[in-house]
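Encoded as structure tokens, the structure appears first; notes follow it.
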Number of protein chains: 2
Amino acid sequence: MRAVIDQLGYVPDGSAQSLSRRRKDVIGLVCMEHVRPVPSQHDVETMSLLFYDEIVRGVEARLRDDNWSLLITYLHEDSQNELSRLMSLSGKVDGLLIIEGAVPSSFLARFAARLPVIAVAGDPEERAVDLVTADNRSGAAALVSHLIDVHDRRALFHLDGPPTAPDAKERRLALQHVLTLHPDAELVGSCTGRFSVQSGEEAAKSLLADGRGGLPDAVVCANDQMAIGVLQVLGRAGVRVPEDIAVTGFDDIYPGSLLDPGLTTVHQPMRQLGERACARLLDRIANPDLPPRVERLATDLVLRRSCGCDYGEFERARLAERGRPRVTVITQAARS
Amino acid sequence: MRAVIDQLGYVPDGSAQSLSRRRKDVIGLVCMEHVRPVPSQHDVETMSLLFYDEIVRGVEARLRDDNWSLLITYLHEDSQNELSRLMSLSGKVDGLLIIEGAVPSSFLARFAARLPVIAVAGDPEERAVDLVTADNRSGAAALVSHLIDVHDRRALFHLDGPPTAPDAKERRLALQHVLTLHPDAELVGSCTGRFSVQSGEEAAKSLLADGRGGLPDAVVCANDQMAIGVLQVLGRAGVRVPEDIAVTGFDDIYPGSLLDPGLTTVHQPMRQLGERACARLLDRIANPDLPPRVERLATDLVLRRSCGCDYGEFERARLAERGRPRVTVITQAARS
DNA sequence: CTGAAAGCGCTAACAA
DNA sequence: TTGTTAGCGCTTTCAG
């Protein structure tokens, strides 16, 4: 029987099944993008993907166990009809994963009223929906403290992310908090980037241009892409990193480990972020009455040469892995 | 009226719509992976994504115009029940995009009989379905010719891709073809990698280990990830690139431009690949009787320092852009 | 245990 | 024009 069916190549129609069982076995993943279309070989948009990919992978890995499917949409944050796209998307899925909370809280709440919604890497203040995010604050705090305490960098420049990005906000708050704890250190300047390599390059150029009176001791970037842009421009200008100036990122995307000097950054467990968020969504679909919850994942401080560290080729080591601490310190990963 | 509907937050049910209008407005994207689960910080799987992302982006860009949605699945090529996953997926979509033809041709044909299927970056010999791919042959041929003619590299080592990867096969054939045209050059060795950074590292190590009698003049890698692995290991071993040995990749993924020396490679228009494949799929869905067709996209030779070139910071220039030639030559892109 | 029938929520064709 | 109704292809329930 089974054999005959297979032979005929029969596959049940998905919409009919969904309609009948009142479940689609599909979840939607919405990626918000802070992008301006900027044509270039490897453009802004490409790079912003680097951040999402691993999350997507985590989600997919969780989903495949249950034979569910994943619907992906990239939302351009400015455009008007994006909201209607989200609406029609919500009719095709059993639940929604929304990455990067550029969605106003009020919208989130509206969607959450209609179907299960989990925010990924969104604003931890968000109370309307479940949230799964990395612990940006303690990660950023550990990074900045490291710069000040270990490398004695006092004059810090902050390359911030878009105002609408909750992650950037968390990191900014942590930076400010650490500065209040270190009266000897100070913020000598800051500017706002778009999370892209290009905006990092622009920031570095203007820093070099109007930086008469000397460069800061360190540039703290809200993410790795921008730090890469900064590193590239500084390198070309003959500014030595970390001797003349330290540079740090956030996220720990792969290319950061290839640069010379390697990029000191904070590792976000992105794949795990996807897995946890997806698991939570499936839970909520199964049981819609679950109370909203915030899940915060531990980050790792990744010390490479760009902050002034020089461990050479160390075994990847996690200190204080278990227990309370949310920040663990790892040295340069040996790729041998 | 419209306002009232919006106020109530009504969104039509997707499955009911699909069932009624007999169209789902969803296409499926299947990514085949040549992976072995290898846990590491940025593992094999992560890297293989780098290749797909831009394709996904291209597809999504085409889709958003028509308000269709994208269902993504990553298929692990070994596993048994992956085929049944593909089956059930096909019940949820109007058409399928299959990246990387690790799917046996017979399967493709079976699926194509049930619904529109487009192969992306698959085997150009495939006659059962539409195919959209980069012109791997002329790209690889241009690259190898460049190594031999311009840089006088005679003893070539080939780091091949998985036997099941059609792209790798095309590149291999091109390499062999160029060698027959250059009797003075020879293939001094080759090995098979898995398209991952790690397999590139492994290959480089064994090359260093049993390379008694001298290294080859150049290592031609079937893709960028493996070339990156090779570059990393050689660098650590103190082998100078390109002075002691040249290294080349294929694909032109972003990290390759960050390395020192920059990676000479062949640029695949991956985003365009996605767009064209998607456009073709939508055409075929609208008109199922279209005859199968192969669409081959032009590639660019990207010359950076790892092959021996040294243009410094040049403006990106395309020579012979229009017309017949499928390979255009560009110099190192200036990121200023 | 097998087989018929009643929806699932919408669209499209048809009637009024 | 607007209102009604018959499916779309399944699952599930209920009768036989």
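In this text, all values refer to a predicted model and were calculated from it rather than measured experimentally.
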Begin from the C-alpha positions of E54(A) and R271(A) and carry the test salt bridge (Lys or Arg N to Asp or Glu O under 4.0 Å) through to its verdict.
CA-CA 5 Å; E54(A) 283 215 50; R271(A) 189 181 178 117; 5.5 Å; no
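- Taking 4.0 Å as the cutoff to heavy atoms of chain A, we find the contact window on DNA chain C bounded by dG7(C) to dG9(C).
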Note, DNA chain C 5' to 3' with Watson-Crick or G-U pairs under 3.5 Å encoded as ( ), [ ], | and . gives ||||||||||||||.|
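- Closest approach of R62(A) to D66(A), counting heavy atoms only: NH1-OD1, 3.0 Å.
- S199(B) places a side-chain N or O within 3.5 Å of a backbone atom of R194(B) that can act as its donor or acceptor partner.
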Would you check, one step at a time, whether the test salt bridge (Lys or Arg N to Asp or Glu O under 4.0 Å) holds for D25(A) with R23(A)?
CA-CA 6 Å; D25(A) 288 19; R23(A) 205 159 32 74; 2.5 Å; yes
Distances for protein N or O near nucleotides 6-8 of chain D N or O, under 3.5 Å:
residue	atom	partner	partner atom	Å
dC8(D)	O2	S20(B)	N	3.4

Would you sort out whether R171(B) and D167(B) count as a salt bridge (Lys or Arg N to Asp or Glu O under 4.0 Å), showing the intermediate values?
CA-CA 6 Å; R171(B) 295 164 198 176; D167(B) 280 2; 3.4 Å; yes
Report the C-alpha distance between K24(B) and D13(A) in whole Å, list the side-chain angles of each, state the deciding distance to 0.1 Å, and finish with yes or no for salt bridge (Lys or Arg N to Asp or Glu O under 4.0 Å).
CA-CA 10 Å; K24(B) 304 176 174 58; D13(A) 180 83; 2.8 Å; yes
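- Of the possible donor and acceptor atoms, one in the side chain of S88(A) sits under 3.5 Å from a partner among the backbone N and O of R85(A).
- Relative to the six-membered ring of Y74(B), R57(A) meets both conditions, a distance below 6.0 Å and an angle of at most 45° to the axis.
- Atom pair D25(A):CG and dT11(D):P shows a separation of 11 Å (rounding to whole Å applied).
- Between L273(A) and T133(A), the shortest heavy-atom distance links the atoms CD1-C, 3.6 Å.
- More than 12 heavy-atom neighbours from other residues, nucleotides or ligands sit within 6.0 angstrom of CZ on R114(A).
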